[in-house]
Amino acid sequence: MPDFRLYNTLTRHIEPFAPADGTTVRMYTCGPTVYNPAHLGNFRTFLFEDLMRRTLALRGWRVHQVMNLTDVDDKIIKRAHEQGKSIVEVTGPVIAAFHADRVFLRIQAAEAYPRATDFIPQMIALVQRLIDRGVAYQAEDGSVYFAISKFPSYGRLSRLDTREIKSGARVIQDDYSKENAQDFALWKAAKQEDEAAGAAWDSPWGRGRPGWHLECSAMAMDLLGETLDLHCGAVDLIFPHHEDEIAQSEAATGKTFSHVWCHGAFLLTEGAKMAKRVGNVSTVQGLREERISSAAIRHFVFNTHYRKELNLSDEALEASRQAVRRIGDFADRLGSETTLTLGGTPELARAADVAVELAEAALFDDLNAPEALAALFDFIRAANAELDRRGGDRSAVERARAALTRIDSVLDIVPGREAPDDGLVAWVEERLAARKAARQARNFADADRIRAELVGRGVVIEDSSAGTTWKVV
RNA sequence: GGCGCCGUGGCCAAGUGGUAAGGCGGCAGACUGCAAAUCUGCUAUUCGUCGGUUCGAUUCCGACCGGCGCCUCCA
């Protein structure tokens with residue numbers, strides 16, 4: 001069994017990883033708050049989690065991933081209020097857009113996408129459990145808070161246990177009801193707007209709604225059990241969100257909430273964190289309109305290690321677009337009947353084996369996708385050179401195909417080829433026939449004119465001894 | 001102020017205590033009628049700066065410079 005290692009935020013070390021039961025990884029990933037379409041920064045995290053689940057699968061484990069959809073929170077209620085809608089009316093279309101973007105980016109579906117509003121009873125039960133254990137209390141304002149003073153290991157994940165608010169920190173809101181400024185809300189007493197937006201539920205503490213941290217704990221434990229193998233998110237969730245999840249979960253169960261915590265780094269634009277409040281966001285929809293392919297976006301994201309900040313730029317995106325073009329050409333070549341007929345060499349088969357071995361080793365070592373990409377490109381160069389030799393061995397070609405398929409089962413960066421419509425095919429074939437005749441007559445002026453005509457409609461041709469192939473770009 | 005991350009060729013980006021993967025771009029060559037694709041060669045004596053440890057540091061330690069993030073609800 002190959003090693004599998006992950007960087008655990010809890011210990012700040014790369015350590016061996018395996019699911020507790022030896023077969024299925026139970027993984028919780030913090031999903032979007034659905035008040036606004038997710039931006040590319042959000043999706044960098046979801047792509048990191050996609051890389052995670054695919055790599056776990058490559059390693060041979062089953063994956064049970066849960067990603068929550070936060071469909072009740074301050075911003076959603078505010079938006080509902082502004083638009084005179086209920087929170088459901090606000091979140092419905094945003095959730096649909098999220099999945100559309102997710103599918104476009106080839107992010108595999110998680111096993112479950114629970115919505116916070118569908119788990120209110122479980123959340124209430126969790127709050128009750130915490131009150132019963134004496135670690136939560138209802139304050140004068142009707143809200144229920146978690147008393148961090150009752151949870152000694154609070155701050156272990158974020159290492160901010162001796163926190164003090166100093167200049168430079170965001171100013172804390174006055175909240176007279178809490179016993180301690182650092183206590184966080186489990187259950188928020190309903191306000192007028194909450195009721196109006198359909199964001200209030202009955203509870204033993206009166207009408208109210210769940211706090212943000214509470215929902216993740218309640219849903220994770222309900223769907224995956226009280227101890228998870230893995231919990232993922234972006235670095236900004238380390239504090240307070242994940243810290244608070246640990247506190248309320250472990251205070252309630254007395255068990256470890258998650259063995260391993262993994263956090264992805266930010267996507268930056270113009271040197272600053274991409275965020276709605278900074279106003280420098282790029283959306284998946286926007287990139288689609290610029291005709292940036294999902295393969296190029298995946299390459300761009302996976303070309304940098306998930307724990308390192310990544311700057312979005314046109315230059316980097318263009319480089320990824322070209323890199324992915326090369327991968328696509330190679331995939332086409334490898335997949336063609338002609339290539340199978342011409343066959344490969346023993347060296348081709350060997351290169352395929354080496355590529356798989358190196359890519360797996362890289363991915364299993366804390367998801368080193370950049371190194372896996374390097375292995376893939378080494379393979380592409382070696383394989384192209386070997387294919388030029390027409391070794392005649394079909395099995396070598398099949399082995400190379402299998403290698404590409406295996407590596408791409410994680411990266412999924414072979415660009416898709418949309419099947420051209422029949423009309424275009426007929427036209428291109430007629431033009432190519434005319435060009436062939438012109439070339440045979442050594443009338444290169446006409447031949448080049450036809451080629452320019454094809455390029456004008458986005459058709460690029462490639463002559464080889466085996467004939468002329470074409471593709472739409 | 002506290003905690004933490006980062007700084008590698010024109011651009012993007014891996015990496016190791018023993019002398020720098022890969023991609024994009026560029027240059028030259030092969031192939032081609034010309035292209036395209038592909039292949040071959042070249043493109044960092046050097047890894048922010050200055051010290052220290054070491055036989056040896058880009059990799060460990062310290063200082064400094066520069067960039068970024070978190071410090072209560074932001075992926």
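Note on naming: letters A, B, ... go to the chains in the order of the sequence lines (proteins, then strands), and numbering restarts at 1 for each one. Values reported hereafter were calculated over all heavy atoms of this structure, with side chains retained and with hydrogens, waters and symmetry mates removed. Note that the structure is predicted; figures quoted are calculated from it, not measured.
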Can you give one letter per nucleotide of nucleotides 19-32 of chain B, going 5' to 3': B for a protein heavy atom under 4.0 Å from the base, S for sugar-phosphate only, - for none? --BBSSS-------

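- Listed by first and then second residue, the side-chain hydrogen bond (donor to acceptor under 3.5 Å, both in side chains) pairs involving residues 278-288 of chain A amount to none (not counting sequence neighbours).
- Residue Lys75(A) places at least one side-chain N or O closer than 4.0 Å to OP1 or OP2 of C74(B).
- A donor and an acceptor atom sit less than 3.5 Å apart, one in the side chain of Arg277(A) and one in the base of C74(B).
- For G33(B), its base sits under 3.5 Å from the side chain of Asp448(A) at one donor and acceptor pair at least.
- Between the side chain of Lys188(A) and the base of C73(B), a donor-acceptor pair under 3.5 Å is found.
- Between the NZ atom of Lys436(A) and the C1' atom of C34(B) there is a distance of 19 Å, given to the nearest Å.
- Evaluation of the side-chain hydrogen bond (donor to acceptor under 3.5 Å, both in side chains) rule for Asp446(A) yields Asn443(A), Arg449(A) as partners, not counting sequence neighbours.
- In this structure, CG of Leu157(A) is placed 15 Å from C1' of U72(B), rounded to the nearest angstrom.
- Between U38(B), G33(B), A75(B), one nucleotide has an atom nearer to the side chain of Met274(A) than all others, and that is A75(B).
- In this model, no side-chain donor or acceptor of Lys308(A) finds a partner on the base of C5(B) within 3.5 Å.
- Remark: Glu250(A) engages Phe151(A), Ile246(A), Thr256(A), Phe257(A) in a side-chain contact (heavy atoms from CB on, under 4.5 Å) (not counting sequence neighbours).
- A ring-centre distance under 6.0 Å is not found for Tyr154(A) and Phe146(A).
- Between the NE2 atom of His305(A) and the P atom of A13(B) there is a distance of 13 Å, given to the nearest Å.
- One N or O donor and one acceptor, one from the side chain of Arg451(A) and one from the base of A35(B), sit under 3.5 Å apart.
- Residues meeting the side-chain contact (heavy atoms from CB on, under 4.5 Å) test with Asn368(A), sequence neighbours left out: His305(A), Ala362(A), Pro370(A), Glu371(A).
- Among residues at least two apart or in separate chains, salt bridge (Lys or Arg N to Asp or Glu O under 4.0 Å) pairs with a member in residues 296-305 of chain A are Asp50(A)-Arg298(A).
- Base pairing annotation: U38(B) forms a Watson-Crick or G-U wobble pair with A30(B), both donor-acceptor distances under 3.5 Å.
- Candidate nucleotides U72(B), C73(B), C68(B) were compared by shortest atom distance to the side chain of Gln182(A), and U72(B) ranks first.
- For the pair Arg307(A) and Tyr7(A), the cation-pi test (distance below 6.0 Å, angle within 45°) is passed.
- In this structure, U59(B) forms no base pair with any nucleotide, since neither Watson-Crick nor G-U wobble geometry is met with both distances under 3.5 Å.
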